[in-house]
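A short worksheet on the structure shown next.
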There are 2 protein chains.
Amino acid sequence: MNYTINEVAQKFGLSAHTLRYYDKEGLLPFIERTTSGNRVFTDADLNWVALICCLKDTGMPIKEMKTYSQWATLGAETIDERKQMLTEHRLEVTRQIEKLQQNLKLIDEKIEFYNDPDNIELMEKMKERVRSRAN
Amino acid sequence: MNYTINEVAQKFGLSAHTLRYYDKEGLLPFIERTTSGNRVFTDADLNWVALICCLKDTGMPIKEMKTYSQWATLGAETIDERKQMLTEHRLEVTRQIEKLQQNLKLIDEKIEFYNDPDNIELMEKMKERVRSRAN
DNA sequence: GCTTGACTTAGAGTTAACTCGAAGTGATAT
DNA sequence: ATATCACTTCGAGTTAACTCTAAGTCAAGC
């Protein structure tokens, strides 16, 4: 099955502009063209785009994804490099998740603070005396 | 206990530049000054900066944090607005975590793919025939 | 009293990742 | 065959969040 750039864009919630930009930046090294120059995406390309989106969404810079893409074009001899990059990135993602969970905790504490009528009463009383700080 | 801008910057892994930038953008509405105009951070301000960092790290734009900060200066009467903003943002953060966990799964699958000798062998055989795609 | 160093401001510059516009080409519908 | 439409390229513009520079102020130590 083949897909046009707009079909792929729709599937991944990107714009055709963005896909061309990724292509220009060397992130889509496998995409073939029609005789008239239009990009043709195969199912294998869709998997590739999915990986690129995954790496992008987890904060990998375009430059690094480009390196990964170049390694992929070189075939089996770059497997170790690619595996290492993904393994390091994996660790990065787990750190992001941990950080988010900590931050979520702080937000929950803040919401809890607002849910406690005692705190609200205190804030109301403070009104005219001291400027309420850090609430 | 009071702190200088550099002490606070160090504590939160920010630069003094960035803290001044946040102040200019209205994110630090409670910070007092010395007679000579230097910022003085109290412990309450440290808690406030911690919240700002938390919101920033979870993707809240500066504009929205500014709104929140302005509400905070108005005192108890804006508690509902603030609680609602945090509650919506909380949901956003849980979505981020879910998305990251999905992406982590894909990365793990990819690493698993590279760890399977069968796949490596396949890739090596493909070398001269078809350009390796989506690996 | 002068130097040093940390601070101040306003505003310009940078970076990453898009995002858009202009000008043009090719395939399909009438 | 001509209008439409999706595509192409190149390059300029945008946005958010810093990041830095220049010019200046202030307090403490020699």
Side-chain angles (χ1 to χ4, degrees), chain A residues 2-42 45-46 48-69 89 92 96 99 103, chain B residues 2-42 45-46 49-69 89 92 96 99-100 103:
Chain A
N2 288 346
Y3 309 86
T4 69
I5 195 167
N6 276 320
E7 286 167 348
V8 179
Q10 179 127 51
K11 258 182 216 299
F12 288 96
L14 303 168
S15 69
H17 272 305
T18 301
L19 277 170
R20 285 190 205 105
Y21 166 68
Y22 287 169
D23 194 7
K24 194 173 65 177
E25 295 300 312
L27 268 44
L28 310 176
F30 306 120
I31 312 300
E32 313 265 349
R33 303 293 184 110
T34 62
T35 45
S36 54
N38 288 19
R39 291 171 184 80
V40 179
F41 292 76
T42 66
D45 294 328
L46 252 52
W48 182 261
V49 174
L51 179 62
I52 290 294
C53 285
C54 164
L55 296 178
K56 183 203 70 170
D57 290 342
T58 49
M60 185 181 284
I62 285 182
K63 220 174 196 174
E64 201 172 334
M65 293 193 280
K66 182 180 182 169
T67 302
Y68 184 87
S69 302
H89 188 64
E92 183 49 43
Q96 284 179 42
K99 192 80 217 300
N103 284 327
Chain B
N2 289 345
Y3 309 86
T4 69
I5 194 166
N6 276 321
E7 286 167 348
V8 179
Q10 180 126 50
K11 259 182 215 299
F12 288 97
L14 303 169
S15 69
H17 272 306
T18 302
L19 277 170
R20 287 190 205 103
Y21 166 67
Y22 286 170
D23 194 7
K24 195 173 65 178
E25 295 299 313
L27 269 43
L28 311 175
F30 306 119
I31 312 300
E32 312 264 351
R33 302 294 185 108
T34 63
T35 44
S36 54
N38 288 18
R39 290 170 185 81
V40 179
F41 291 76
T42 66
D45 294 328
L46 252 53
V49 174
L51 179 61
I52 290 295
C53 285
C54 165
L55 296 177
K56 182 203 72 170
D57 289 343
T58 48
M60 186 182 283
I62 284 181
K63 221 176 195 173
E64 201 172 335
M65 294 192 281
K66 182 181 182 168
T67 301
Y68 183 87
S69 303
H89 188 64
E92 184 47 46
Q96 284 179 41
K99 192 82 217 297
L100 278 182
N103 284 328

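Order of the sequence lines sets the chain letters (A, B, ...), proteins ahead of strands, with each chain counted from 1.
Within the 4.0 angstrom heavy-atom criterion, only backbone atoms of the sugar-phosphate kind lie near B:Thr4; the bases stay farther away.
Of the options B:Thr4, B:Asp45, B:Asp23, B:Thr34, a side chain to side chain donor-acceptor pair (under 3.5 Å) to B:Arg39 is made by B:Asp23 and by none of the others.
Between the CG atom of B:Asp23 and the P atom of C:dA10 there is a distance of 11 Å, rounded to whole Å. Separating the CG atom of B:Asn38 from the P atom of C:dG5 is a distance of 17 Å, rounded to the nearest angstrom. In this structure, A:Leu19 places its CG atom 14 Å from C1' of D:dT8, rounding to the nearest Å. Between B:Asn2 atom CG and C:dA6 atom P the separation is 19 Å, expressed in whole Å. Straight-line distance from the CD atom of A:Glu32 to the P atom of D:dT8: 14 Å, rounded to whole Å.
Residue B:Phe12 comes nearest to B:Leu46 through the heavy atom pair CZ-O, 3.4 Å, listed as atom of the first residue, atom of the second, then distance. Closest non-hydrogen pair, A:Thr58 versus A:Gln96, comes out as O-NE2, 2.8 Å.
In terms of phosphate contacts, A:Arg20 brings no side-chain nitrogen or oxygen within less than 4.0 Å of OP1 or OP2 of C:dG21. The side chain of A:Arg39 places an N or O atom within less than 4.0 Å of a non-bridging phosphate oxygen (OP1 or OP2) of D:dT9. The side chain of A:Arg33 places an N or O atom within less than 4.0 Å of a non-bridging phosphate oxygen (OP1 or OP2) of D:dT9.
The side chain of B:Ser36 approaches D:dC26 more closely than any other nucleotide in the set C:dT8, D:dT8, D:dC26.
Surrounding CD of B:Gln10 are at most 12 heavy atoms belonging to other residues, nucleotides or ligands under 6.0 Å away.
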Between protein and nucleotides 12-19 of chain C, what N or O pairs are separated by less than 3.5 Å?
residue: C:dA17; atom: OP2; partner: A:Ile62; partner atom: N; Å: 3.4
residue: C:dC18; atom: OP2; partner: A:Tyr22; partner atom: OH; Å: 2.7

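A parallel orientation is assigned to the rings of A:Trp48 and A:Tyr68, their planes being inclined by less than 30° (bins at 30° and 60°).
Partners of B:Thr35 by side-chain contact (heavy atoms from CB on, under 4.5 Å), not counting sequence neighbours: none found.
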